[in-house]
Amino acid sequence: QRGGSGGGGGGGSGGAGVPSGGLAGPRAVYGAYTIQNFGKNSNENQDAYFTSANPNGSKSFVGVFDGHGEKGKRMSNFASAALARHLFSHKELHADPAAALESAYKATQDDIERRHGQDASQSGTTAVAAYQHRDRLFVANVGDSRAVLGRCDTGRRNYSAVDLSSDHKPSRPDEKERVLAAGGHVDQMAFPVLHNGGVRWIRGGPERVMDRNGMGGLAMSRSLGDLALRPYVSSKPEVTERRLDSKDRLLVLGSDGIWDHMSSQEAVDIAARHSDPNNAAREISSVARQRWNEETEGLMSDDITAVVVKLGSTPPGSTSGSRGSDRGMSSPPGMRQSFQRAASSSGFDRTHGDSFGRRTRGGGEQQQFGRGAGSRHTNHLLHTT
């Protein structure tokens, strides 16, 4: 299912049974919820999401996309459909999922350049995605949306948050170095201030990526789209791999509308309280929205999207969470290969847990690795080949 691009709000789900037995690794069920912004001079939600799982839950693919710029809604919805289509059709998805994910991001960026060149000049989207096959989990990311793993200490029943992605901010030392090496600039925006009868320009706010002439001003260092800031803003994802074990119980993916007002640990704690991932995603989004209201005195909130995946087994006949596919809006024309699709429909501070695996691509070798009131989309099944 794809979510996003709605006016008010929505959550998503799909359904499936459980395997007949013998499959290694967790079986995934998912839920999603998204809330449109207010106070930003925009009448549209620029977030989107994609959620899918095969009938027995041994494979799942989920993603969150946060659009920005005048055509941000178009970018996020297009990217969510294209990325899923390219991943599912990649011939090496089973043999080398990390390479397949990286290739799907490149193909999606190529599609954006070819089909939306003018619209994508100063508009783009984040893209964080997680592909799970039995006990192997692969996470790819560009931008400042985030994926977090929830691990449970089975003895004490305490959950710890493990970040599976690292926000691509221009202030991140390695990202700043890359941008500068490519010939770009990193600086804060300048604002005019009246001072002693004259105008004085002062810099403030987050660091941003700018071109050689000081134009631009994007507060993230990687994205899909944003063609005017290439190559300083990169579309190459950081891809990480993790081997899941019995302590790995859930995933939370969210746009920065969540993370600007909630730590990774709090999001995991909320998700752990719910057996239904749809309810978990709804509470995470609603708490973030309430904090936007409190901080801005009701003047503004960003778009907010959360996707929650429960990695434990589900008893036969359970309706908690979803398996199938859920996109929101229109369905891409061919999701086959490792998943065969039936249909689809139209979505600052973090707390670190323990080390979370080996960063395999895009970031060097090191230890770390749709919107509002709550309508539910029609469920659709994906089948494995």
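The shortest distance between side-chain heavy atoms of H195 and I202 does not fall below 4.5 Å. Using a 4.5 Å heavy-atom threshold, the side chains of K71 and Q118 count as separate. Looking at heavy atoms from C-beta onward, L87 lies in side-chain contact with F61 at the 4.5 angstrom threshold. D167 places a side-chain heavy atom less than 4.5 Å from the side chain of R146. Annotation: side chain of D226 is not in contact with side chain of M75 (no heavy-atom distance under 4.5 Å). Under the 4.5 Å side-chain criterion, counting only non-hydrogen atoms from C-beta, Q109 is in contact with L227. Inter-residue side-chain proximity for P277 and V29 is flagged as met; some heavy-atom pair is nearer than 4.5 Å. Side-chain contact between V139 and L253: absent, with no pair of heavy atoms (C-beta onward) separated by less than 4.5 Å.
No side-chain N or O of D302 forms a donor-acceptor pair with one of N37 less than 3.5 Å apart. S234 and R178 share no donor-acceptor pair across their side chains, judged by distance under 3.5 Å alone. Side-chain polar atoms of D269 and Q265 form a donor-acceptor pair below 3.5 angstrom. Residues E70 and S123 have side chains that never bring a donor and an acceptor to within less than 3.5 angstrom of each other. In this structure, a donor-acceptor pair under 3.5 Å is present between the side chains of N54 and S58.
With hydrogens and angles disregarded, no donor-acceptor distance shorter than 3.5 Å links the side chain of S301 to the backbone of R289. Under the 3.5 Å distance criterion, the side-chain polar atoms of R27 are left unmatched by any main-chain donor or acceptor of N56. Counting only distance, with no hydrogens or angles, the side chain of R230 and the backbone of V233 share a donor-acceptor pair below 3.5 Å. Within the 3.5 Å criterion, the main-chain N or O of V142 finds no donor-acceptor partner in the side chain of Y105. The closest donor-acceptor contact from the side chain of R282 to the backbone of Y33 lies at 3.5 Å or more, if one exists at all. Side-chain atoms of S165 come within 3.5 Å of backbone atoms of A147 as a donor-acceptor pair (strictly under, hydrogens ignored). Side-chain atoms of Q132 come within 3.5 Å of backbone atoms of R134 as a donor-acceptor pair (strictly under, hydrogens ignored). Looking only at distances, no side-chain donor or acceptor of R136 sits under 3.5 Å from a matching main-chain atom of P97. Remark: the backbone N or O of G198 is not paired with any side-chain donor or acceptor of N196 at under 3.5 angstrom. H90 places a side-chain N or O within 3.5 Å of a backbone atom of E92 that can act as its donor or acceptor partner.
Here CD of E238 is found 7.0 Å from CG of N141. Values are rounded to the nearest 0.5 Å. Within the model, atoms CZ of R203 and CZ of F191 stand 9.5 Å from one another, a figure rounded to the nearest 0.5 Å. Interatomic distance, CG of D119 versus NZ of K73, reported as 13.0 Å (0.5 Å rounding). For the atom pair D153 CG and Y159 OH, the distance stands at 10.5 Å (nearest 0.5 Å). Here OG of S285 is found 8.0 Å from CE of M262. Values are rounded to the nearest 0.5 Å. The OG1 atom of T51 lies 4.0 Å from the OH atom of Y30; values are rounded to the nearest 0.5 Å.
Under the 4.0 Å criterion applied to side-chain N and carboxylate O atoms, D111 and R85 are assigned as salt-bridge partners. Under 4.0 Å is where a charged nitrogen must lie from a carboxylate oxygen, and between R291 and D260 no such pair does.
Nearest heavy-atom pair across V209 and S221 is CG2-CA, 4.0 Å. In terms of heavy-atom proximity, D163 sits nearest to S264 at OD1-OG, 2.8 Å. Nearest heavy-atom pair, L311 versus A28, reported as atom, atom and distance to 0.1 Å: CD2-CB, 4.4 Å. Nearest heavy-atom pair, N278 versus A32, reported as atom, atom and distance to 0.1 Å: OD1-N, 3.4 Å. Shown here for P170 and K176, the closest heavy-atom pair between the two residues is O-CB, 3.2 Å. In this structure, T126 and S145 approach most closely via the heavy-atom pair OG1-OG, 2.7 Å.
In terms of hydrophobic clustering, with Ile, Leu, Val, Met, Phe, Trp and Tyr side chains grouped at heavy-atom distances under 4.5 Å, I112 and Y232 are assigned to different clusters. Under the 4.5 Å side-chain heavy-atom criterion for grouping Ile, Leu, Val, Met, Phe, Trp and Tyr, V179 is not connected to M210 through any hydrophobic cluster. Under the 4.5 Å side-chain heavy-atom criterion for Ile, Leu, Val, Met, Phe, Trp and Tyr, V128 and L218 are members of distinct hydrophobic clusters.
Residue E297 places its CD atom among 12 or fewer non-hydrogen atoms of other residues, nucleotides or ligands, all under 6.0 Å distant. Within a 6.0 Å radius of CD in E207, other residues, nucleotides and ligands contribute more than 12 heavy atoms.
The ring pair (Phe, Tyr, Trp, His ring centres under 6.0 Å) search around H116 returns F78, not counting sequence neighbours.
Through direct or relayed side-chain contacts under 4.5 Å between Ile, Leu, Val, Met, Phe, Trp and Tyr, V199 connects to L194, W201.
Residue D256 forms a side-chain contact (heavy atoms from CB on, under 4.5 Å) with just one option from D303, I304, D144, and that option is D144.
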